[in-house]
Novice: 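I have a structure here, written as structure tokens, and I will follow up with some questions on it.
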Amino acid sequence: MKKAIITVLGKDTVGIIAKVCTYLAEHSINILDISQTIVQEYFNMMMIVDMSKTDAPFDVVVDDLAKLGEGIGVMIKCQREDIFDMMHRI
């Protein structure tokens, strides 16, 4: 299983979760775990996803999600789980 961590941060608006989840479903990326909160008007979501069945290269998914975020006014980052773990191990 190839896992990745997706984070979404920004001002809360209608449809953020729907748009991100639609993109993932269209690319056969399965959501394993999801957590989201809204603090005052700020939206924060973290997802752990399984990318083992997607046909899209990882770099394309990263770029597509970043562009999707720009379009809806949030910042979307996608990192491989092993890289995410290494960065947060310290």
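Note that the structure is a prediction, hence the values are computed from the model and not measured.
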Novice: Let me confirm one number: the SG-CD1 distance from C78 to I6, rounded to the nearest 0.5 Å.
Specialist: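 If I round to the nearest 0.5 Å, the distance is 4.5 Å.
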
Novice: Would you be so kind as to tabulate the donor-acceptor pairs closer than 3.5 Å made by side chains of residues 16-43, with sequence neighbours excluded?
Specialist:
residue, atom, partner, partner atom, Å
T22, OG1, A18, O, 2.7
Y23, OH, D64, OD2, 2.8
H27, ND1, Y23, O, 2.9
E41, OE2, K11, NZ, 3.1

Novice: Can you list the residues that meet the ring pair (Phe, Tyr, Trp, His ring centres under 6.0 Å) rule with F58, with sequence neighbours excluded?
Specialist: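 Partners of F58 under the ring pair (Phe, Tyr, Trp, His ring centres under 6.0 Å) test: none.
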
Novice: Return the CD1 to CG distance between I76 and D63, rounded to the nearest 0.5 Å.
Specialist: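 Between atom CD1 of I76 and atom CG of D63 there are 12.5 Å.
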
Novice: When rounded to the nearest 0.5 angstrom, what distance separates CD1 in I5 from NZ in K77?
Specialist: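 Answer rounded to 0.5 Å: 15.0 Å.
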
Novice: Is there a side-chain contact between V74 and L9, using heavy atoms and a 4.5 Å cut-off?
Specialist: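 Of all side-chain heavy-atom pairs linking L9 with V74, none is under 4.5 Å.
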
Novice: Quick one: pull up CD1 in I48 and NZ in K3 and give me the separation to the nearest 0.5 Å.
Specialist: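 One gets 6.5 Å once the value is rounded to the nearest 0.5 Å.
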
Novice: Within a strict 4.5 Å, meaning less than it, do heavy atoms of the M51 and V61 side chains meet?
Specialist: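 In short, these two side chains touch, coming nearer than 4.5 Å.
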
